[in-house]
Amino acid sequence: MSLTEWFHVATKQLQGGLKLLGSVPRVAEEAWEGKRAAWTESRKLRYPLRELPWDYRTAQAAMDEAEALMMTNGPATRPSSLNMPLCETDCELLERIKNATAHENRSNITRTAAYLECYRGYPELHWALLAHLVSRNGGYNMTDLKGSLIGNLFNEQEKEWLYRLLERCNALIFQDAYPQLQLYMHSRHLGRSCFHLLPYFHVSPFMRPFWERFWAWRDSSLLTVALIINEQNYIEGRVVKDPYFQKFVMHKPGFYLHDWLQLNQVIFPLGLNGGLAGLVMERFGHLDERIGFGKSLYAILFGHQQVLDQVSAFVASVPHTGSRSDYWPGLFTPNEQKALHSPKESATLLAHEWLPPGQRLYSPELNVVWSDTAYDPIPRYDWFQDGSTLGHLSEPRRPLLFAMRHEHRHGIQKTAMVHDTHVNLRPFH
């Protein structure tokens, strides 16, 4: 490269950088306006409220029984020590559920669909709809790694590590929870409790008292909170604190960037017009925060009739593909040829509420960019070793601010600014 060419390229990069700096006040102003609009939208969505019944005596009794099981650590809590013979029906049921779990655990797409089928058949299983929506968000985060904004911020190895973290969490939670949902569904079909089979699926003894009470009383809120506690503890040691993910993901700059951009958003689509409910998780690596976050999401989804109705209509009509165009086709497209292909995404987003055709952000379908992933063997141990987590077993509370359309768009704008800065100021030769 000649000196003249070098100077020309450097000037263009400097101009691009100055232009991006000039847009920062506009982004901050839009963020403030968006926060005000979110309060207004949250008030409109808040009513009518739905009851989230919570029986403190039942919750306390379940906690006491779970703690007693933990302290006794008796033979009944370990599948390898179960010596009681099973009837032919139970043996067939175990095999059927194991095969169904393996079949539906192939990918984020199959898991997400399986959760929804559980909820459609048995709407009292509130956790299944919540898990369906959280799993949709997991798919969006996976495809973001190959999309037009985040795809340029990481090298291929970093993308692979982040994908493995997301996929491992998604797969392990399904591996643990889906057999529990299936046991309830088969219990309904057979007219008798099948929860004595929980240990055969390596489910923590923590869950047994809650399923037995749910079988008797159908207390959906208590079961949902127990499942949130169980599943977040299940992945805590197997993923979040796992040495591999600690080394290659949790302490990498890319993971901190993910948090700073507030990309740990879980959104509930309220249609195809950009209406969204949900929350932003500040610190994924903190168990207490993940549990509280899950409880708040549940309270939003089942504590507000408008949210539940609109979300239910959306999931019934829009199959999950992993592309963000599923819920916001005015901003995203799964067609790479029709997407933006320039270092100007942030400027374009700031200039338009909706992006014109041919200038939308690329958000691919998951099956196009990621293959089904065989995961490593699951460490078999019981996370429930002390009673510290029982403090989370409390009534879920509705957040006041949960409209997410503006917050979500602001997160996309911040990501676009980082993307444009990276493209404009990257090293040249």
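Nothing here was measured: the structure is a model prediction, and the numbers come from that model.
- Side-chain contact, S388 with D386: a donor N or O sits under 3.5 Å from an acceptor N or O.
- Between R192 and D90 a salt bridge is recorded (basic side-chain N to carboxylate O distance below 4.0 Å).
- Annotation for L125 and Y119: closest pair O-CD1, 3.5 Å, computed over non-hydrogen atoms.
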(request) Dump the intermediate steps for salt bridge (charged side-chain N to carboxylate O under 4.0 Å, His left out) on K146 and E365, then the final yes or no. (result) CA-CA 10 Å; K146 299 285 190 174; E365 295 182 357; over 6 Å; no
(request) With side-chain contact (heavy atoms from CB on, under 4.5 Å) as the test, would you mind laying out the steps for V266 and L279 before giving the verdict? (result) CA-CA 6 Å; V266 173; L279 294 171; over 6 Å; no
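- Contact of the F248 side chain with the L165 side chain is not registered, since no non-hydrogen atoms from C-beta on lie closer than 4.5 Å.
- Inter-residue side-chain proximity for W370 and E167 is flagged as unmet; no heavy-atom pair is nearer than 4.5 Å.
- Rounded to the nearest 0.5 Å, atoms OG (S363) and CG (L331) are 10.5 Å apart.
- Without hydrogens or angle criteria, Q246 side chain to V240 main chain gives a donor-acceptor distance under 3.5 Å.
- Atom OG1 of T415 is separated from atom CD1 of I150 by 5.5 Å, given to the nearest 0.5 angstrom.
- Checked against the 6.0 Å centroid criterion, the rings of H408 and Y327 qualify as a close aromatic pair.
- No donor-acceptor contact under 3.5 angstrom links the side chains of R111 and Y115, judged on distance only.
- Partner of Y163 under the side-chain hydrogen bond (donor to acceptor under 3.5 Å, both in side chains) criterion, chosen from T143, T373, N141: T373.
- Using a 4.0 Å cut-off between a side-chain N of Lys or Arg and a carboxylate O of Asp or Glu, R208 and E65 do not qualify as a salt bridge.
- Once rounded to the nearest 0.5 Å, the distance linking CZ of F174 with OG of S107 reads 10.0 Å.
- Proximity of F210 to L393: side-chain heavy atoms (C-beta onward) are separated by under 4.5 Å at one or more points.
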(request) Before giving the answer on side-chain contact (heavy atoms from CB on, under 4.5 Å), spell out for M404 and F268 the whole-Å C-alpha distance, their side-chain angles and the decisive distance to 0.1 Å. (result) CA-CA 9 Å; M404 279 287 292; F268 299 157; over 6 Å; no
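- Within 6.0 Å of CD on E88 lie no more than 12 heavy atoms contributed by other residues, nucleotides or ligands.
- At a threshold of 4.5 Å between non-hydrogen side-chain atoms, the residues N108 and L166 do not count as touching.
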(request) Check the pair T112, L116 against side-chain contact (heavy atoms from CB on, under 4.5 Å), reporting the backbone distance first and the verdict last. (result) CA-CA 7 Å; T112 306; L116 185 57; over 6 Å; no
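- Side chains of F302 and V311 form no contact here, defined as non-hydrogen atoms less than 4.5 Å apart.
- Annotation: the span from H186 atom NE2 to R96 atom CZ amounts to 5.5 Å, rounded to 0.5 Å.
- A donor and an acceptor atom, one from each side chain of T58 and D219, are nowhere located under 3.5 Å apart.
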(message) Show, in sequence, the C-alpha distance, side-chain angles and deciding distance for R398 and L49, and conclude whether the side-chain contact (heavy atoms from CB on, under 4.5 Å) test is met.
(response) CA-CA 10 Å; R398 302 176 185 87; L49 297 176; 3.8 Å; yes
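- Using a distance-only test at 3.5 Å, with no hydrogens or angles considered, no donor-acceptor pair links the side chain of D144 to the main chain of G147.
- At least one donor-acceptor pair under 3.5 Å links the side chain of R360 to the backbone N or O of P329.
- Side chain of R405 to backbone of L276: no donor-acceptor contact under 3.5 angstrom is found.
- Contact record, P199 with H196: CD-O, 3.3 Å, taken as the closest heavy-atom pair.
- Using modelled atom types, one finds no donor on one side chain facing an acceptor on the other under 3.5 Å when comparing Q232 with H392.
- Between P48 and Q306, the shortest heavy-atom distance links the atoms CD-CG, 4.4 Å.
- Y140 approaches G322 most closely through the heavy-atom pair CD2-O, 3.3 Å.
- A donor-acceptor pair under 3.5 Å is formed between the side chain of S42 and the backbone N or O of F402.
- The main-chain N or O of E104 is found under 3.5 Å from a side-chain atom of T110 such that the two form a donor-acceptor pair.
- Put simply, the side chain of I378 does not reach to within 4.5 Å of the side chain of H202, judged on heavy atoms.
- Checked for salt-bridge contact, K98 and E95 miss the test: no charged N lies under 4.0 Å from a carboxylate O.
- Relative ring orientation between Y56 and W54 is described as perpendicular, the plane-to-plane angle rising above 60° on a 0-90° scale split at 30° and 60°.
- Here the side chain of R409 pairs no donor or acceptor atom with the backbone of H406 at under 3.5 angstrom.
- For R238 and Y381, the positive end sits near the middle of the six-membered ring, less than 6.0 Å away and at most 45° from its axis.
- Here the side chains of N105 and Q175 are in contact, with some heavy-atom distance below 4.5 Å.
- Taking W383 as the reference, N230 meet the side chain to side chain donor-acceptor pair (under 3.5 Å) condition, with sequence neighbours excluded.
- Across A226 and M207, no two heavy atoms sit closer than the pair O-SD, 3.7 Å.
- Atom CZ of R57 has 12 or fewer heavy atoms from other residues, nucleotides or ligands within 6.0 Å.
- In this structure, CG on L287 lies 4.5 Å from CD on E236, to the nearest 0.5 angstrom.
- Of all heavy-atom pairs between L45 and H304, the closest is O-CB, 3.9 Å.
- By the 4.5 Å heavy-atom criterion applied to side chains, S221 and P53 are counted as neighbours.
- One finds the CG atom of L301 at 5.0 Å from the CG atom of L129 (value rounded to the nearest 0.5 Å).
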